[in-house]
2 protein chains.
Amino acid sequence: MKHIAESTVRRLSLYLRFLEDYRRQGLETISSGDLASLGGTTSAQVRKDLSFFGSFGTRGLGYSVSALSKRIREILGLEREWRVIIVGAGKIGAALAQYEGFGYRGFKIVGVYDVDQARIGQSLDGVIVKDQQELDGDLKSLKADIVLIAVPPEAAQPLVDRVTKAGIRGVLNFAPAPLHAPAGVTLRSVDMALELEILSYALAAKA
Amino acid sequence: MKHIAESTVRRLSLYLRFLEDYRRQGLETISSGDLASLGGTTSAQVRKDLSFFGSFGTRGLGYSVSALSKRIREILGLEREWRVIIVGAGKIGAALAQYEGFGYRGFKIVGVYDVDQARIGQSLDGVIVKDQQELDGDLKSLKADIVLIAVPPEAAQPLVDRVTKAGIRGVLNFAPAPLHAPAGVTLRSVDMALELEILSYALAAKA
DNA sequence: CGGCGCTTGTGAATGATTTCACAAACTAAC
DNA sequence: GTTAGTTTGTGAAATCATTCACAAGCGCCG
Ligand SMILES: NC(=O)c1ccc[n+]([C@@H]2O[C@H](COP(=O)([O-])OP(=O)(O)OC[C@H]3O[C@@H](n4cnc5c(N)ncnc54)[C@H](O)[C@@H]3O)[C@@H](O)[C@H]2O)c1
Ligand SMILES: NC(=O)c1ccc[n+]([C@@H]2O[C@H](COP(=O)([O-])OP(=O)(O)OC[C@H]3O[C@@H](n4cnc5c(N)ncnc54)[C@H](O)[C@@H]3O)[C@@H](O)[C@H]2O)c1
């Protein structure tokens, strides 16, 4: 398969949301134009995105909501369950652990870890916070696929090294630190302060 | 000024972090190669990014850490303070309200709002949660520049309409909903479930 | 003070992504 | 069954972003 741009994958994920809204409304077909106006893009963009993976539509009609949902789910790897571990049960880690938006798409929180004795033992939405010393063993025994990093920035790189050594191939980081992972590991970062700075740039540029 | 790509702005913001690390270490100059290896890009990319705004370096030597920091701060609009209001004092809203990473860069939380009587009156790191009925008036009296949306998805679009009507021109949204804002308003969304789905795609594509 | 070595700044080239534009394929209506 | 009206799928064109490659500028050393 040819390399697919991240922007395309991001949009596919959005299209899936819109498809689910349509399904909830009982609609059976959707056109590239509909998907485009919901997603703030163009119909040509939608069709091009889908065309990388095949042709799923019916000319004159559009796309079957259920068939396209299913296909996008397959493309994104969402037909399976992904087992997720959160490290750092502080403010953001706790919020993530209790976030319903993950479970809904097949991301299951199977463990939460911290160093702080005061936090260990706490229950976060059914998951008990465990001591980070148990992390290395649990990564394997719990068959974790993905680790979310919610520890202070200086603890983030050692943690990446640790979990990748244990075989983890997907990491989503929330600490504002420049991280590096070995080849074969996908590491993404969400940086909220950075998002605000981009907003700041846009606002400052206007004035 | 020519239009600057978001990817460039995002990198500038990263460079600023690295410059601050260098300053903390007492280093006075930094080369495009240094910035590049910290940021996982190339030295040509760094120089090109900076060249959109002028030429700040010294050939043979590199960039003055303090002068370049200052210049990037100006470019990003970070010499001033931005007044931020958070709407939704739930799990993520509370975490954001208490996040130190914002204040550090001149983003000051001046108010937090909710509908839930149980949450109103709570103190989050010094800021008292107020009733959302007071929001419209406070947006002006508190001179807010930016609103962070941390309410359930269905409440997000009405909120965008409301705050933009009150004159807000910058919105950072955390709800997984497709939002639209009038022209002149910069609206960005952070969507964590989407980030996990992109990760899912990458992991699934490998296997 | 002259030359060496390093690093910048930037056009030109390449590569990636988006948009355009239209033939082909289908539905629905009559 | 024919036709009018849609909407897809996709090459080609246009735009946007990154990388290349190198002349020019500057510090430093002798
Ligand atoms: N609070 C937010 O809204 C927010 C937003 C964006 C990013 N972040 C980032 O997320 C990270 C956590 O932020 P927070 O606000 O939740 O801070 P926090 O201090 O509330 O939580 C950090 C937690 O990590 C734990 N920890 C530290 N080292 C650890 C280790 N080696 N192993 C396991 N656990 C460890 C601490 O005990 C603490 O409970 C920081 O890097 C922060 O910059 C936070
Ligand atoms: N928890 C997370 O980690 C997380 C992560 C990503 C995104 N989100 C998104 O952020 C939003 C909030 O999530 P949460 O987990 O904090 O949920 P939550 O239920 O804990 O918080 C939502 C809060 O918003 C308040 N609210 C509802 N309508 C309001 C209105 N019109 N005005 C003011 N306040 C209002 C509620 O009273 C509640 O306190 C949701 O859209 C969610 O999808 C949450």
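Chain naming here is simple, since letters A, B, ... match the order of the sequence lines and numbering starts at 1 in each.
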Practice task
Quick one: label Thr41(B) by what it contacts on the DNA or RNA (base, sugar-phosphate, nothing), any heavy atom closer than 4.0 Å.
Solution key: nothing
Fill in the blank from the handout: Comparing nearest nucleotides in DNA chain C, the 5'-proximal residue of the pair Lys48(A), Thr58(A) is Lys48(A)
Handout entry: Partner residues of Thr186(A) under the side chain to side chain donor-acceptor pair (under 3.5 Å) criterion, sequence neighbours left out
Key = Lys206(B)
Practice task
Give Phe56(A) one of three labels, base, sugar-phosphate or nothing, depending on what nucleic acid heavy atoms sit under 4.0 Å from its own.
Solution key: sugar-phosphate
Problem - Sidechain N-carboxylate O distance under 4.0 Å for Arg11(A), Glu6(A) - result: no
Handout entry: Pair Asp136(B) + Arg162(B): basic N to acidic O under 4.0 Å
Key = yes
Exercise for the section: Give one of base, sugar-phosphate or nothing for Ser43(B), where a contact means two heavy atoms less than 4.0 Å apart. Expected result: nothing
Problem - Rounded interatomic separation in angstrom, taking CD1 from Ile4(A) and C1' from dT17(C) - result: 12 Å
Practice task
Measure the distance from CD on Glu6(A) to P on dA16(C) and round it to the nearest whole Å.
Solution key: 15 Å
Problem - Rounded distance in Å - OH (Tyr63(B)) to P (dC26(D)) - result: 14 Å
Problem - Closest-nucleotide 5' rank along DNA chain D - winner of Ala44(B) and Gly54(A) - result: Gly54(A)
Exercise for the section: Rounded off to whole Å, could you give me the CG-to-C1' distance for the Leu61(A) and dC26(C) pair? Expected result: 8 Å
Practice task
Kindly check if the number of other-residue, nucleotide or ligand heavy atoms within 6.0 Å of CD (Gln133(A)) is above 12?
Solution key: no
